[in-house]
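Below: one structure, written as structure tokens.
One-based numbering along the sequence shown. Counting convention: from 1, in listed order, for ligands and their atoms alike. Model, not experiment: these values are computed from the prediction.
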Amino acid sequence: MGEDMAVVIDGKKISQDVRDEIREKTLRLRKERGIVPGLAVVLVGDDPASQIYVRGKKNACREVGFLSKEFRLPSDTSEKKLLDVIDGLNRDREIHGFLVQLPVPEHIRTDAIIEAIDPRKDVDGFHPYNVGRLFSGNPYHRSCTPAGIMELLDRYEIEIKGKEAVIVGRSNIVGKPLTLMLLERHATVTVCHTRTRDLAEVTRRAEILVAAAGNPGMISGDMIRGGAVVIDVGINRLETGKLVGDVVFADACKKASYITPVPGGVGPMTIAILLRNTLAAASVLLPG
Ligand code: GUN
């Protein structure tokens with residue numbers, strides 16, 4: 001790539017564009033069918049990062065004209081009590097989508113919680129029904145962060161078909177669903193993880209490289225193929241308080257054709273897709 005520097009993908013702007021589109025569609029839905037999309041967020045305990053995410057989701061709802069409800073439960077809430085709250089939200093006709101902010105306290109089984117959510121209201125796309133629909137190539141609600149990555153690639157008109165894509169990280173929230181989304185779009189996908197023998201040898205083959213390992217600075221410039229599209233999903237807070245991704249940004253800029261920054265890349269897309277999933281859920285359910 002010589003001295004060319006990468007195009008920095010503006011996730012903040014794309015997220016705003018998506019939210020502007022959602023606001024317009026929400027206004028139309030209300031005018032034409034009397035439906036106000038409703039999103040509820042359940043937070044158990046007082047994890048500081050979760051509190052920030054939940055506040056962000058509430059503000060985003062207000063901005064696009066959704067109804068938002070918030071349930072804050074103490075950290076000693078029983079699993080049974082949480083299941084009761086979920087049952088109430090499954091039945092709540094004002095609520096079209098909801099999520100339980102993860103992680104939940106250790107005495108609560110995450111799987112039991114996710115499986116209790118009505119899949120039609122599972123706007124996080126975590127329920128086995130939604131995972132299965134994605135797996136079989138007929139997605140319903142898609143997991144927000146990987147769907148946000150696909151949106152960024154599409155809005156920057158980055159071709160996916162036939163490309164060598166390498167994902168570092170195999171989480172249920174990002175790595176695995178993104179694998180399926182890229183596969184559906186005809187990429188050749190390789191997934192790396194902690195037991196991958198020669199990580200750099202694999203990442204250097206990537207035309208689209210996605211770092212979703214949660215390991216600050218693990219992807220150095222020499223691990224990136226010239227001209228690659230680099231998507232950094234890492235959000236790591238250093239001891240200094242600085243927020244960094246999994247990619248060494250300054251070095252990667254000299255090798256990549258496109259790159260997402262941290263913050264301001266993938267992160268802002270997650271909430272935009274959450275709102276879009278909620279709007280979709282509200283649009284199919286009957287009003288009132
Ligand atoms: N915790 C961190 N990210 C997420 C998310 O996307 N959804 C939920 N429910 N919890 C999270």
Separation of [Y] [atom2] from [X] [atom1] (nearest 0.5 Å):
| X | Y | atom1 | atom2 | result |
| --- | --- | --- | --- | --- |
| Arg28 | Arg23 | CZ | CZ | 14.0 Å |
| Leu178 | Met150 | CG | CE | 6.5 Å |
| Leu99 | Asp124 | CG | CG | 4.5 Å |

Practice problem: Answer yes when Glu79 and Lys81 have at least one side-chain N-carboxylate O distance shorter than 4.0 Å, and no when they do not. | Solution: no
Quiz prompt | Verdict with reasoning, Arg225 to Thr203, per side chain to side chain contact (heavy atoms under 4.5 Å, CB included) | solution = CA-CA 8 Å; Arg225 173 170 169 170; Thr203 60; over 6 Å; no
Quiz prompt | Close residues, ligand 1: non-hydrogen atom nearer than 4.0 Å | solution = Leu99, Val100, Gln101, Leu102, Asp124, Phe126
Practice problem: Go through the steps for Leu43 and Leu73 under the test side chain to side chain contact (heavy atoms under 4.5 Å, CB included), then give the verdict. | Solution: CA-CA 6 Å; Leu43 175 59; Leu73 307 173; over 6 Å; no
